[in-house]
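What follows is one structure encoded as structure tokens, with my remarks underneath.
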Amino acid sequence: PGRRRVNVTRAADLDDSYGHAFGSMTVDLSRLEVPAGTTKVSVSVAFGDASVRLPSGVPYRLSASSVCGSIDAPTFDADGVAVDRSYRTSDYDSAASRLDIEVSVLFGSARVR
């Protein structure tokens with residue numbers, strides 16, 4: 001319960017998934033040195049808020065869903081019941097290094113920046 005904050009700067013320190021049950025969680029990848037290939041990260045919150053900070057200039061694919069709540073992302077905002085959105089930067093497929101981010105919220109909100 002409460003607040004959880006994760007700051008990751010090295011790929012070796014990155015977990016495949018981050019979860020939180022009640023409250024808010026921030027996963028800060030803004031200073032992550034993304035290695036060659038596709039780096040996958042999953043972030044989930046059951047009851048509360050998830051915030052993901054992406055590194056600037058790194059191509060990414062985002063899959064975001066919420067059973068009941070909202071998703072605020074760079075290219076879309078959505079709220080309601082059974083929200084499911086995805087986005088891919090135009091340079092994702094051709095990038096040597098890229099992020100594949102999955103964000104899911106049971107009841108609450110998600111923000112990706």
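All values below come from the heavy atoms of this structure, side chains included, with hydrogens, waters and symmetry mates left out.
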Exercise. Could you walk me through whether V103 and V52 pass the side-chain contact (heavy atoms from CB on, under 4.5 Å) check?
Worked result: CA-CA 8 Å; V103 178; V52 181; 4.0 Å; yes
Exercise. Can you list the residues that meet the side-chain hydrogen bond (donor to acceptor under 3.5 Å, both in side chains) rule with D84, with sequence neighbours excluded?
Worked result: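 None.
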For this session: Mind checking side-chain hydrogen bond (donor to acceptor under 3.5 Å, both in side chains) for R4 and listing every partner two or more places apart, or none if nothing turns up?
Result: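 Checked R4 against side-chain hydrogen bond (donor to acceptor under 3.5 Å, both in side chains); zero matches.
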Listed by chain and number, what are the side chain to side chain contact (heavy atoms under 4.5 Å, CB included) partners of [X], not counting sequence neighbours?
X: D77; value: D72
X: T75; value: Y87
X: S30; value: D28, R53
X: P55; value: L29, V34, V58, L99

Minimum heavy-atom separation for [X] to [Y], with atom names?
X: A50; Y: V45; result: CB-CG2, 3.5 Å
X: A46; Y: L106; result: O-CB, 3.0 Å
X: V105; Y: G48; result: CG1-O, 4.0 Å
X: S66; Y: G69; result: OG-N, 3.2 Å

For this session: Evaluate side-chain contact (heavy atoms from CB on, under 4.5 Å) for V8 paired with Y18, printing each intermediate quantity in order.
Result: CA-CA 12 Å; V8 184; Y18 297 92; 3.6 Å; yes
For this session: Answer yes or no: does atom CG of D13 have more than 12 heavy-atom neighbours from other residues, nucleotides or ligands under 6.0 Å?
Result: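 Enclosed.
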When rounded to the nearest 0.5 angstrom, what distance separates [atom1] in [X] from [atom2] in [Y]?
X: F76; Y: S86; atom1: CZ; atom2: OG; value: 7.0 Å
X: E33; Y: S97; atom1: CD; atom2: OG; value: 11.0 Å
X: T26; Y: R5; atom1: OG1; atom2: CZ; value: 5.0 Å
X: S42; Y: I101; atom1: OG; atom2: CD1; value: 9.0 Å
X: S63; Y: R85; atom1: OG; atom2: CZ; value: 12.5 Å

Problem set entry | Verdict with reasoning, K40 to D16, per side-chain contact (heavy atoms from CB on, under 4.5 Å) | CA-CA 7 Å; K40 295 183 179 188; D16 292 338; over 6 Å; no
Exercise. Would you call R98 and D91 a salt bridge, using N to O less than 4.0 angstrom?
Worked result: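 Looking at D91 together with R98, the answer is no, because their closest N to O distance does not fall below 4.0 Å.
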For this session: Please say which of V41, L14, V27 ends up in a side chain to side chain contact (heavy atoms under 4.5 Å, CB included) with L32.
Result: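 For L32, the side chain to side chain contact (heavy atoms under 4.5 Å, CB included) check succeeds only for L14.
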For this session: Only one of V112, L54, T89 passes side chain to side chain contact (heavy atoms under 4.5 Å, CB included) with L62; say which it is.
Result: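 The side chain to side chain contact (heavy atoms under 4.5 Å, CB included) with L62 is passed solely by V112 among V112, L54, T89.
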For this session: Spell out, yes or no, whether F47 and V67 are grouped together once hydrophobic residues are joined by side-chain heavy atoms under 4.5 Å, including indirect joins.
Result: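 Same cluster: F47 reaches V67 through Ile, Leu, Val, Met, Phe, Trp or Tyr contacts under 4.5 Å.
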Exercise. Where the side chain of H20 meets the backbone of G2, is there a donor-acceptor pair that is under 3.5 Å apart?
Worked result: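 Judged by distance alone, yes, a pair lies under 3.5 Å.
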Problem set entry | Side-chain donor or acceptor of R113 paired with backbone N/O of A73 under 3.5 Å |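 Yes, the answer is positive, given that a donor and an acceptor are paired below the 3.5 Å cut-off.
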Problem set entry | Distance-only donor-acceptor check, side chains S109 and D49, under 3.5 Å |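 Checked: S109/D49 side chains pair up, N/O donor to acceptor below 3.5 Å.
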